[in-house]
Amino acid sequence: MAHNYRDTLHLPKDEQTIAMRANLPEQEPRWQAFWREIDLYQRMLEKPAPNGDFILHDGPPYSNGDIHIGHALNKTLKDIVVRSYRMRGYRTPYVPGWDNHGMPIENAVSKEFLARGEKPDKITLRRACREYAQRYVHIQREQFERLGLVGEWDNPYLTMDYAFEAGLVRIFGELAQRGYIYRGLRPTLWCPTCQTALADAEVEYDEKTSDSIYVAFPVVKPPADAPTTENLKILIWTTTPWTIPANLALAVHPELEYAYVRTNGAVYLLAHRLVAPTMEAFGIHDYTVLGTVTGEHLQGAVAKHPLFERESPVVLADYVTAEDGTGVVHTAPGHGAEDFATGKKYGLPILCPVDAAGVFTQEAGEFAGLPITPEGNRAVIQRLREVGALLHYEPYRHNYPHCWRCNTPLIFRTTEQWFMSIDHAGHRERALNAIRQVRWIPPEGETRITAAVQNRPDWCLSRQRAWGVGIPAFYCEACNAVILTPETVERIAQIIEREGSDVWFEKPAAYFLPEGFVCPQCGASEFRKETDVLDVWFDSGSTSRLVLEARPHLHYPADLYLEGSDQHRGWFNSSLMIGIGTRDAAPYRMVITHGFVLDGEGRKMSKSLGNVVSPLEVIQNMGADVLRLWVASCEYFEDVRLSQEILKYVADAYRQIRNTLRFMVGNLADFNPETDAVPYEQLNDLDRWMLATLQEYLRYALNAYDSFEYHKFYHETRRFCNVELSAFYLDVIKDRLYAESRDSAARRGAQTVLYELAHTLTRLLAPIIPHTAEEVWQRLPVPNKPISVHLTEFPTVCEAWHDKALLERFESILQLREAANRAVEQAKNEKRIPNPQSAKIVIHAPEPLFGTLSAFPTPAAPDNLLARIFGVSQATIEPSVSELQVEVSLAPGRKCARCWLVLPNVDEATELCGRCQAVVG
RNA sequence: GGGCGCGUAGCUCAGUCGGUUAGAGCGCACCCCUGAUAAGGGUGAGGUCAUUGGUUCGAAUCCAAUCGCGCCCA
């Protein structure tokens with residue numbers, strides 16, 4: 001081609017739009033620096049908020065380790081909520097927090113000391129814990145900020161803040177004052193070597209060989225309808241002979257079938273299914289089953305303890321199985337969690353004749369003074385053999401809980417602990433009522449928390465640990481009376497507020513008590529402090545009180561809690577207990593839960609499977625906006641999946657959305673909405689159709705935000721960008737944008753629509769991909785432009801533009817477009833035309849399509865709107881009485897060297913069509 | 001073992017009250033363009049709706065069981 005008219009076109013220039021390659025890992029920190037510089041969070045709060053406050057209360061992550069993908073999901077969702085509510089006219093303060101006290105940090109710090117061969121005292125350990133927690137608060141804060149989260153990051157709440165710790169003491173005091181707090185027994189897994197209770201997480205399961213024994217309990221009150229009462233015995237099996245002295249009952253399953261078995265002159269009762277294997281173990285081949293009975297009929301029967309003058313009644317329990325043993329569970333309420341529950345249910349005493357070191361106490365009678373293993377076990381077995389109660393002994397290998405620290409086999413002991421009563425003053429009912437007032441999203445959450453609250457036992461608040469807030473009680477050294485009054489609690493709280501909770505462990509009791517304080521019970525003046533600390537769920541459960549009420553720009557209750565679904569039994573529950581207990585109201589109005597992040601196959605992420613995706617790596621390689629877009633793409637009310645493959649697809653989606661925005665921004669470089677915009681009435685049908693379609697999209701998008709269904713917004717936005725924009729509208733208006741004269745109504749009309757599209761999309765995307773939206777925003781020619789996209793409002797649907805009739809009319813045109821595409825594709829495949837640009841189509845259209853199309857003039861010129869819509873150089877329409885037909889042929893004329901359309905009026909010398917001739921002038 | 005959920009195309013998701021041949025975008029294959037170019041456009045092929053049984057004139061949709069997966073509890 002002789003002429004080059006490229007420079008006369010209005011092509012978008014690279015430097016006037018956003019870069020095609022986002023380079024998010026480098027660019028995002030710059031936008032974050034910009035937001036810090038302008039103090040974006042503060043400015044967001046200062047914006048007018050016609051809809052009032054919306055308080056999303058942050059559930060505190062534990063200040064230990066790097067953030068993982070679950071944190072990223074949770075915090076990104078929160079950020080999308082906060083940003084989108086702000087853009088819908090709410091004031092959205094967001095105070096992030098951390099959970100600092102507790103076992104994981106204490107254990108990590110202890111291990112550091114252990115590695116150095118040091119044995120720290122409590123204060124040294126606690127100080128190290130505080131430093132450790134502080135260090136991870138810093139680390140996680142940076143990681144969260146790198147995700148692009150907006151909030152009060154320079155003033156977060158920490159549960160180890162002195163004021164927070166003092167607040168915990170006061171809330172404990174309030175609950176005590178209201179009658180919720182009591183001391184009681186509780187079964188705990190206990191390490192006799194470390195002489196401490198262990199949390200579940202500190203228990204390691206290892207193989208162990210135990211002494212398993214079969215013991216016969218003589219029946220003193222036989223079951224009704226027993227086939228015989230002569231020498232009747234109930235047979236049990238246990239792997240912990242040392243618990244026999246604490247036996248108080250024999251548990252059977254109500255629905256299991258039991259058999260009376262006669263052998264060797266006695267009749268034994270055991271589970272029918274286990275008769276054969278048991279007899280085989282005993283080496284007995286000669287036995288007779290006299291009859292069977294279901295467990296529920298055994299209730300009321302009473303046996304006698306084989307060693308002591310004590311009865312052991314038959315009780316019912318659902319946890320009894322016929323898997324191994326005899327189907328009758330030897331029950332020692334002092335030495336097992338299930339046994340304890342059964343003991344409570346049947347009003348049995350809680351006998352625990354074992355001290356902290358694992359030595360039998362006086363309550364164990366003849367065994368007193370013996371360590372429970374191995375001497376205790378041996379002695380018990382020996383005595384059982386002597387009285388003829390031992391039927392069989394064998395070593396038994398099984399998984400058994402061990403101490404994580406010293407690897408000693410653990411035992412169950414009942415110990416005295418502090419509790420919050422869940423049924424005090426109708427508390428449980430009040431909590432259940434409050435649950436019904438809360439909006440749960442998804443609605444199954446209500447079922448789940450209701451079940452959790454209905455079934456939860458009293459809350460054990462005490463822990464025998466170092467890193468926590470001390471329970472603010474004293475004991476009289478003389479009479480052991482518990483000292484816990486509003487005055488003593490408030491004194492302690494004031495001191496902790498000033499000096500931190502370490503002070504409780506540093507100073508003597510007298511430091512916290514008024515001068516001259518005497519025991520109200522016995523008048524003595526010597527006291528010791530409680531050494532237990534509060535359960536950390538008490539810490540986090542108190543945040544609603546200690547954060548929402550403490551900060552003037554927040555309020556109780558919060559409008560929203562948003563956490564993983566595991567928190568129904570965790571934070572939602574503990575917060576509710578404290579909320580109902582101290583404020584008689586739930587701490588939240590609405591609760592949203594999300595699922596867990598699984599791998600591409602739907603399996604749990606774990607180091608051993610090697611399928612863990614680190615958010616930090618994703619941010620480093622692809623950018624936070626890609627990770628955030630993934631969050632938005634997920635239907636998060638259920639479990640979500642993440643893998644490298646999924647990330648690749650999300651990155652593709654990001655690029656497509658970005659390129660769409662890039663094209664629009666590039667073509668708006670010379671557009672000023674205030675002076676160049678074309679009034680709606682003067683826009684052509686296609687442009688008005690685009691605006692109408694934009695309104696439909698916008699309505700859908702706003703609804704998706706309203707219902708927290710960001711994945712619907714994601715999908716619709718992706719479809720809108722690809723289908724309506726890239727593949728259609730943006731393609732069609734290129735001729736006008738590039739080839740028409742700069743200020744022509746045709747070009748300015750297209751830009752007017754382009755501006756609306758970009759302006760709308762950018763703001764809608766801002767909560768999800770805040771960095772990219774900001775980058776686009778800074779390039780958009782918005783009049784009186786706010787300094788950041790995050791200080792704008794969401795667009796609202798313009799009903800005047802939502803022209804339903806036009807949308808309907810275009811439906812048939814778009815269908816026709818598909819038919820035309822197929823016809824052109826076929827002509828291309830048959831080598832009748834090389835490409836659509838060189839084609840002319842003739843549409844033989846029946847009514848009513850012909851009527852619709854007739855509204856558009858079809859000259860052999862660039863302003864043939866139908867030709868532009870169908871992507872060919874020329875198009876004409878013909879009425880038809882038969883079905884629709886699209887005829888494709890080579891367009892007559894020659895190709896304009898400037899606009900590349902094949903037209904009849906292209907000048908041979910200049911190679912320009914009439915339109916381009918006029919434009920170039 | 002119990003409670004609460006989930007299972008639709010390679011991926012992410014729609015699918016209203018049970019009602020035509022189960023949809024979309026991406027990805028994939030083939031083609032076009034080279035003036036959105038580490039872009040853009042067109043056409044097309046992909047489904048035993050986890051499995052089995054039941055209810056119904058009719059089931060992705062309702063019921064039951066089974067399998068797989070997740071959270072919580074034991």
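Below, chains carry the letters A, B, ... as their sequence lines are ordered, and counting in each starts from 1.
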Is_stacked (A:W900, B:G35) at 5.5 Å, 30 deg: yes

Side-chain N or O of A:N821 closer than 4.0 Å to phosphate OP1/OP2 of B:U43: yes

Sugar-phosphate, base or nothing in reach of A:A653, heavy atoms under 4.0 Å: nothing

Pairwise P distance for B:U8 and B:U52, with rounding to whole Å: 16 Å

Parallel, tilted or perpendicular, as decided by the 30° and 60° cut-offs, for the rings of A:H398 and A:Y400: tilted

Sugar-phosphate, base or nothing in reach of A:E338, heavy atoms under 4.0 Å: sugar-phosphate

Given RNA chain B, 5'-ward residue of the pair A:E825 and A:D639, judged by closest heavy atom: A:E825

Sugar-phosphate only, base, or nothing, as touched by A:P442 at under 4.0 Å among non-hydrogen atoms: nothing

Sugar-phosphate, base or nothing in reach of A:K604, heavy atoms under 4.0 Å: sugar-phosphate

Sugar-phosphate only, base, or nothing, as touched by A:H715 at under 4.0 Å among non-hydrogen atoms: base

Polar side chain donor-acceptor pair, A:W459 to A:D535, under 3.5 angstrom: yes

Sugar-phosphate, base or nothing in reach of A:L9, heavy atoms under 4.0 Å: base

Sugar-phosphate, base or nothing in reach of A:E716, heavy atoms under 4.0 Å: nothing

OP1 or OP2 of B:G2 under 4.0 Å from side-chain N/O of A:Y319: no

A:V723 side chain, from C-beta outward: closest of B:A36, B:C13, B:G25: B:G25

Aromatic plane relationship, A:Y588 with A:W440 - under 30° parallel, 30 to 60° tilted, over 60° perpendicular: perpendicular

Electrostatic pair A:R603-A:D639, nearest N-O below 4.0 angstrom: no

P gap between B:C11 and B:A50, integer Å: 14 Å

Under 3.5 Å donor-acceptor pair, A:R719 side-chain atoms to B:C26 base atoms: no

Pair of N/O donor and acceptor under 3.5 Å linking B:A36 base with A:K734 side chain: yes

Anti/syn call for B:G44, syn if |chi| within 90°: anti

Sugar-phosphate only, base, or nothing, as touched by A:S726 at under 4.0 Å among non-hydrogen atoms: base

Phosphate OP1/OP2 of B:G27 contacted by A:Q656 side-chain N/O (<4.0 Å): yes

Base of B:A36 paired with side chain of A:T660 (donor-acceptor, under 3.5 Å): no

Touch class at under 4.0 angstrom, heavy-atom based, for A:R822 against every strand present: sugar-phosphate

hbond_proxy A:R21 side chain to B:A38 base (donor-acceptor, 3.5 Å cutoff): yes

Sugar-phosphate only, base, or nothing, as touched by A:G602 at under 4.0 Å among non-hydrogen atoms: sugar-phosphate

Geometric class of the A:Y697/A:F720 ring pair [parallel <30°, tilted 30-60°, perpendicular >60°]: parallel

Among B:C69, B:U37, B:G41, the one nearest A:L598 by side-chain distance: B:C69

Donor + acceptor pair across side chains of A:Y649, A:S633 (<3.5 Å): no

Touch class at under 4.0 angstrom, heavy-atom based, for A:N722 against every strand present: sugar-phosphate

